[in-house]
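A quick write-up on the structure given underneath.
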Amino acid sequence: MEGEYPTAKEWYKANRRQLKKYPGEWIAYNHQGVISRDRDYRKMKDGIPADLHNKLGYALERVYESEFVEPVRFYPVTMRSLKSHDWQPRYVNL
């Protein structure tokens, strides 16, 4: 999660997949990266540095466990009868 971005939103877009390391946790991040994280919201909020509390340059978000699960894929299934029939058509010569 290296690098610096102009806004926290752009940092999130670029590094969203790397947040997989924090399942079930609250995170606070800014344009430089994650600044605080914890499962308990209040502990995470207390972990934010004091100089950032008065600024609006960071965002708070919860990383859900189900957010990074691969989507379910459905495959088509064809059914056909396994029973054989003795019926044969009769052709009449005219």
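No hydrogens, no waters, no symmetry mates; every other heavy atom, side chains included, goes into these values.
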Decide side-chain contact (heavy atoms from CB on, under 4.5 Å) for Asp38 and Ile27; before the verdict, give the C-alpha distance in whole Å, the side-chain angles of both, and the deciding distance to 0.1 Å. CA-CA 7 Å; Asp38 201 296; Ile27 61 167; over 6 Å; no

Would you say the side-chain atoms of Arg62 pair up with the backbone N or O of Gly24, donor to acceptor, closer than 3.5 Å? yes

Test side-chain contact (heavy atoms from CB on, under 4.5 Å) on Arg17 and Lys20 and set out the steps. CA-CA 6 Å; Arg17 298 303 296 170; Lys20 191 185 282 192; 3.8 Å; yes

Between the OH atom in Tyr5 and the CG atom in Asn15, the distance rounded to the nearest 0.5 Å is 4.5 Å

Determine, for Arg37 against Glu25, whether the closest basic-nitrogen to carboxylate-oxygen distance falls under 4.0 angstrom. yes

Determine whether Tyr22 and Val34 satisfy the following criterion, side-chain contact (heavy atoms from CB on, under 4.5 Å), listing intermediate values before the conclusion. CA-CA 11 Å; Tyr22 313 117; Val34 176; 4.1 Å; yes

Pairwise side-chain contact, Phe74 with Val72, heavy-atom cut-off 4.5 Å (strictly under): yes

ILVMFWY network linking Ile48 to Tyr41, side-chain heavy atoms under 4.5 angstrom: yes

Out of curiosity, Glu61 CD to Leu19 CG, how far, rounded to the nearest 0.5 Å? 7.5 Å

Is Ser36 reaching over with its side chain to a backbone N or O of Met44, donor-acceptor style, under 3.5 angstrom? yes

